[in-house]
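Throughout, a chain's letter reflects where its sequence line sits, starting with A, and its residues are numbered from 1. Computation of the quantities below employed the complete heavy-atom set of this structure, encompassing side-chain atoms and omitting hydrogens, waters and symmetry-equivalent molecules. Not measured: the values here are computed from a predicted model.
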Amino acid sequence: MRRLAQGDESALATLYDRYAGLVYSVARRVLGDAGAAEEVMQDLFYQLWWKARDYDAARGGLGAWLLVSARNRAIDRLRQRKRAEALAPEQVAPLAFDLESSVAQAELISRVKSALGGLSESQRQALELAYFEGMTHSEISQRTGEPLGTVKTRLRAALQALRQVLNP
Amino acid sequence: MNEHPQPEEIFDEYALGVLEGEERHAFESHIEACPACLRKVEEARARMALLALATPQIQLPPGAKERLLRRVASPSPAPLQQPAPFWGWTTAALAAATGVLALALLFIAARNRELLRNLRELEARQTQLLESERRLGEESARAHAVLDILTSPQTVRVYLASTPSRLLPEGKAFYHPQKGLVFYATNLPRLPAHRTYQLWLVPPQGKPVSAGVFNTDPQGNGEVLLPSLPLGLPVKAFAVTVEPAGGEPQPTGPKVLAGVTS
């Protein structure tokens, strides 16, 4: 990040190589459109480049911040919400896992997938509607046609199970 | 402070964005006043971010990296040329500009009404013409200074919210270290005559600095415009406390609003 703040383009290229694939994939999943997903990804890296001086790297891991921002921006775009903030919309704690190398990424991806594999189909569906479509409890209930209480209980059980697996 | 949110999964639910209505409201009110819970939210955001990894990894479009590097190489913030117009960035900038403009327009509308009132006074009392003119000049210079702060890119915007569980009173601070401070508050309870609200600028180091006292109108609105403050003072947070009439050199009373610079 320090190199980036000083305007070193090779630093941006390094960060791009490391994280752009993850950022693009999540934006693509949310938006379902290659052009829109690339815009979200480019937007994020472009702002990172111009606002690197304002970004307090010490406060949060860059990988976690990029993932959170990619998902939030794609959801905002999907739901046509406006988010007028600058670079650090939300403070994110550093990831508890290494995300810097492609080997570490692959390991973590398989860990997350197996964690989700341990959930029931309906739990996973509720979680995906929340995460990839940005739905609230009542919106999930409307979409699935299930009572609000059921949706809340189901999602909470899914989150509880994930905590067990995803805490290092 | 009200009790910490329970159970632990509620932090994940908030980070995920599924909470809504009163539940979300109560949660946000709590974390704004509770650094320990805010940290849990930041951890939950990182934990929820891992869900992004559950989606299939897709190859980046060819040429995307070159497009990015070409874009950053241009001397000023420029739109993405390929493959499509870069609506994301311009929309965000437009939205931000529109927000500032809306605020400025609101302010101008309010000032307009005031100026109109002043004009009618002028017609009615021609003998006081000179005196009124002087006042208008001052008002306009003041309005200009306020607008300058509201629209300057260097201005820090801090939104203050109530510390107790219901987020009714709200404050907005627009602070520019060289140009000054504009502060508005709404929905504040009426204070007894011997009490006043006092606004504090909290620097990153050292004691809070008073940014002036203010009282509210019957609707609970109050403002502090261009208080005298040391030039170039950095800010970490703003807070509003209830103090004896006339204010205090350091906060003594209960804190009713607080906001940290983002």
Part of A:Ser110 lying under 4.5 Å from any heavy atom of chain B: neither
Residue part contacting chain A, namely of B:Glu20, when any heavy atom lies under 4.5 Å: side chain
Straight-line distance of A:Gln160 CD to B:Glu9 CD, nearest 0.5 Å: 4.5 Å
Contacting region of B:Ala15 [heavy-atom separation from chain A under 4.5 Å]: backbone
Members of residues 24-31 of chain A whose heavy atoms come closer than 4.5 Å to chain B: A:Tyr24, A:Ser25, A:Val26, A:Arg28, A:Arg29
Non-hydrogen side-chain atoms of A:Val151 and B:Val18 separated by less than 4.5 Å: no
From OG1 (B:Thr55) to NZ (A:Lys113), nearest 0.5 Å: 8.0 Å
Side chain, backbone, both or neither of A:Leu129 within contact of chain B (heavy atoms, under 4.5 Å): neither
Sub-4.5 Å side-chain heavy-atom contact between A:Tyr16 and B:Leu60: yes
Neighbour count above 12 (heavy atom, 6.0 Å) for B:Gln6 CD: yes
Partners meeting ring-ring contact (aromatic ring centres under 6.0 Å, His included) with A:Tyr19 (sequence neighbours left out): none
A:Gln105 side chain reached by B:Gln57 side chain, heavy atoms, under 4.5 Å: no
Approximate separation, where rounding is to 0.5 Å, of A:Arg124 CZ and B:Leu51 CG: 12.0 Å
Side chain / backbone / both / neither for A:Ala130 at chain B, heavy atoms under 4.5 Å: both
side-chain hydrogen bond (donor to acceptor under 3.5 Å, both in side chains) against A:Asp17, all qualifying residues, sequence neighbours excluded: B:Lys65
Residue pairs passing the salt bridge (Lys or Arg N to Asp or Glu O under 4.0 Å) test where at least one lies in residues 47-62 of chain B, sequence neighbours excluded: B:Asp12-B:Arg47
A:Ile109 portion near chain B, given a 4.5 angstrom heavy-atom threshold: both
Residues B:Glu13 and A:Lys152 bridged, charged N to O under 4.0 Å: no
B:Leu50 side chain reached by A:Leu162 side chain, heavy atoms, under 4.5 Å: no
Atom group of A:Tyr131 that falls short of 4.5 Å from chain B, counting heavy atoms: both
Under 4.5 Å from any heavy atom of chain A - which part of B:Gln59: backbone
Stepwise side-chain contact (heavy atoms from CB on, under 4.5 Å) check, B:Met48 with A:Leu159: CA-CA 9 Å; B:Met48 290 301 105; A:Leu159 291 170; 3.7 Å; yes
Whether A:Arg163 side chain and B:Glu8 backbone form a donor-acceptor pair below 3.5 Å: yes
4.5 Å side-chain heavy-atom contact, A:Thr136 and B:Arg24: no
Shortest non-hydrogen contact between B:Ala64 and A:Gln42, atoms and distance: O-NE2, 3.0 Å
Atom group of A:Leu155 that falls short of 4.5 Å from chain B, counting heavy atoms: side chain
